[in-house]
Amino acid sequence: MSKPLYYHSAEELVALLNKKVISSVELTRAVIERTRDVEPKIGAFISVNEADALKQAEASDKRRAEGRTLGALDGIPLSPKDVLADENQPLTCASKILKDFISPYTGTVMQRLRNAGAVIWGRLNLDEFTMGSSNETSYFKPCCNPWNTECIPGGSSGGSAAAIAAGQTILALGSDTGGSIRQPAALCGIVGLKPTYGRVSRFGLAAHASSLDQIGPMTRTVADAALVMEIIAGLDPHDSTSYNAQVPVYREALKAHAHVPKKLGILKEFFGDGLAPDIRSVVEKALRFYEKQGCELIEISLPKTTLSIPVYYVIATAEASSNLARYDGIRYTHRSTKAKDGIDLYRKSREEGFGSEVKRRIILGTYVLSSGHYDAYYLRAQKVRTLIRNDFMTAFESVDAILCPTTPNPAFRRGEKLNDPLAMYLEDIYTVPVNIAGLPGISIPCGFTTNNLPVGLQIIGKPFREEEILGIAQTFEANHPFAQQTPIL
Ligand code: GLN
């Protein structure tokens with residue numbers, strides 16, 4: 001084998017497992033050992049479960065020896081972001097307030113993956129309560145970019161992106177409220193898909209902003225993202241916002257959608273000032289590739305998307321302030337020992353348990369929902385949200401998908417933007433509009449900057465047309481083997 005086991009795609013590994021060339025125990029050991037080697041430099045995991053993962057792998061090997069498998073991921077290591085509920089596993093959200101919390105139940109996505117035979121391996125690092133773009137606000141430790149460990153991996157799903165890029169796991173899950181899957185995927189040179197709002201159940205996902213959150217795959221290849229989507233997508237009676245639409249066999253559907261010339265919208269506003277020259281030239285090269293494939297590139301303008309960041313920080317903080325009210329020092333793990341009375345217990349536990357970015361958002365969110373400000377901020381933001389979505393839907397009458405950079409900048413140095421929240425918020429300028437409009441978006445590696453940092457291409461699709469953007473992504477991947485380059489660690 002030319003590359004180490006831990007750098008294979010899940011698709012390749014399933015084939016090797018089926019042919020009995022490797023065992024799941026061997027594969028699981030490979031990611032465990034790789035993690036032991038590189039984790040001190042990366043910090044992708046908040047916790048690991050080596051013995052438990054090996055036990056799951058043994059059970060998988062036993063099943064295969066008996067000629068059966070549970071499902072399409074039998075024996076493949078998969079690591080969740082530490083916001084997904086899985087019974088008897090830690091669920092910290094990278095926060096002190098939940099540092100010793102153990103989940104009492106398994107959410108839908110984790111249950112479906114366990115039912116498909118995945119070996120659940122470790123819990124991945126993130127920005128506290130998924131608030132951030134750099135994975136620096138984790139209570140436990142920052143996570144580093146495998147391509148340059150002085151740099152951030154992106155966030156909030158920084159641990160998921162770094163773990164895939166560094167070969168510490170085979171498949172990962174992230175969650176995306178305003179870019180948290182796609183932005184770190186771009187900065188670490190991997191594939192990240194945010195599904196259409198409602199495509200994947202949120203039952204068991206610790207809520208950040210419920211009208212924007214989605215769980216999605218973070219993988220080495222486009223086909224692996226399709227494979228995970230086949231398992232996790234679909235209606236769930238536990239989530240009333242999950243949508244009742246047939247789930248395609250994505251890997252089959254993407255074959256049909258790959259290589260078909262498309263009408264691709266080039267979003268003018270996303271190629272303006274503020275886009276790093278390095279990113280621009282790499283992404284423009286990718287656009288020329290599509291043109292050579294026979295796609296028609298059509299310039300489109302969506303002027304209202306420029307309002308996305310203010311709209312997002314009103315809606316997301318409003319919802320977060322409400323969602324985070326449950327962490328009261330009584331029902332969850334961190335409880336202040338310095339409180340004088342009930343109200344003081346609530347106040348001190350939250351003061352000690354939450355980090356400063358989370359507090360900033362609770363304060364902002366409470367303000368925009370307060371009587372007297374509600375109409376001016378929250379209600380108005382909701383109205384602009386509708387206008388942004390309408391703009392996208394109008395654009396989709398003339399194009400099949402929209403192409404743009406995933407991020408305005410490549411990975412930046414740790415500490416560079418930590419004390420400048422606005423600069424940090426602007427890192428999501430190209431990803432946030434997709435959540436506001438509830439659309440599917442995928443980021444794929446499309447090249448490197450002159451400093452050898454990965455660049456991501458974002459493909460935004462029509463609602464519930466994940467197979468179409470997967471197909472467009474695969475056309476590029478199939479012709480650009482550099483997307484499979486790995487960092488030197
Ligand atoms: N970076 C954005 C934020 O801080 C998006 C985070 C996310 O998608 N969870 O809110």
Side-chain angles (χ1 to χ4, degrees), residues 80-84 93-95 124-138 142-143 152-161 172-188 192-195 197 200 202 205-218 308-324 354-365 368 381 406-409 411-412 417-443 456 458 460:
K81 182 177 181 177
D82 204 358
V83 287
L84 292 163
C93 299
S95 182
L124 293 165
N125 205 352
L126 65 141
D127 281 298
E128 185 179 2
F129 280 106
T130 81
M131 296 173 183
S133 306
S134 66
N135 209 141
E136 291 169 291
T137 70
S138 166
C143 177
I152 57 99
S156 64
S157 316
S160 309
L173 290 176
S175 66
D176 192 312
T177 307
S180 279
I181 288 176
R182 290 158 290 153
Q183 187 254 15
L187 302 191
C188 290
L193 171 70
K194 182 203 91 76
Y197 186 76
V200 175
R202 290 179 295 109
L205 166 66
H208 170 173
S210 312
S211 77
L212 299 159
D213 297 341
Q214 270 291 287
I215 302 166
M218 300 179 71
S308 297
I309 292 284
V311 165
Y312 173 83
Y313 278 94
V314 171
I315 294 175
T317 58
E319 293 183 18
S321 72
S322 164
N323 279 327
L324 270 58
F354 287 136
S356 55
E357 182 58 28
V358 174
K359 286 178 188 155
R360 179 165 24 243
R361 298 199 188 199
I362 292 173
I363 292 168
L364 185 58
V368 300
T406 309
T407 63
N409 295 300
F412 46 90
K417 302 194 181 185
L418 201 52
N419 297 319
D420 186 350
L422 196 57
M424 192 72 91
Y425 297 171
L426 286 171
E427 288 304 309
D428 294 314
I429 193 157
Y430 305 144
T431 48
V432 157
V434 180
N435 301 69
I436 289 182
L439 302 170
I442 189 169
S443 179
Q458 183 176 217
I460 305 167

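Counting starts at 1 for both ligands and their atoms, in listed order.
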Can you list every pair that meets salt bridge (Lys or Arg N to Asp or Glu O under 4.0 Å) and has a residue in residues 427-441, with sequence neighbours left out? Lys417-Glu427

For the pair Phe129 and Phe354, name the ring-plane relationship: parallel under 30°, tilted 30 to 60°, perpendicular over 60°. perpendicular

Among Asn435, Thr431, Thr407, Thr406, exactly one meets side chain to side chain donor-acceptor pair (under 3.5 Å) together with Arg182. Which residue is that? Asn435

Side chain to side chain contact (heavy atoms under 4.5 Å, CB included) between Leu126 and Ser157: does it pass, once the steps are laid out? CA-CA 5 Å; Leu126 65 141; Ser157 316; 5.9 Å; no

Side chain to side chain contact (heavy atoms under 4.5 Å, CB included) between Asp213 and Ser175: does it pass, once the steps are laid out? CA-CA 7 Å; Asp213 297 341; Ser175 66; over 6 Å; no

Hey, is the main chain of Gly132 close enough, under 3.5 Å, to the side chain of Glu357 for a donor-acceptor pair? no

When you look for protein heavy atoms under 4.0 Å from ligand 1, which residues do they belong to? Thr130, Met131, Gly132, Ser133, Ser156, Asp176, Thr177, Gly178, Gly179, Ser180, His208, Tyr312, Tyr313, Arg361, Asp428

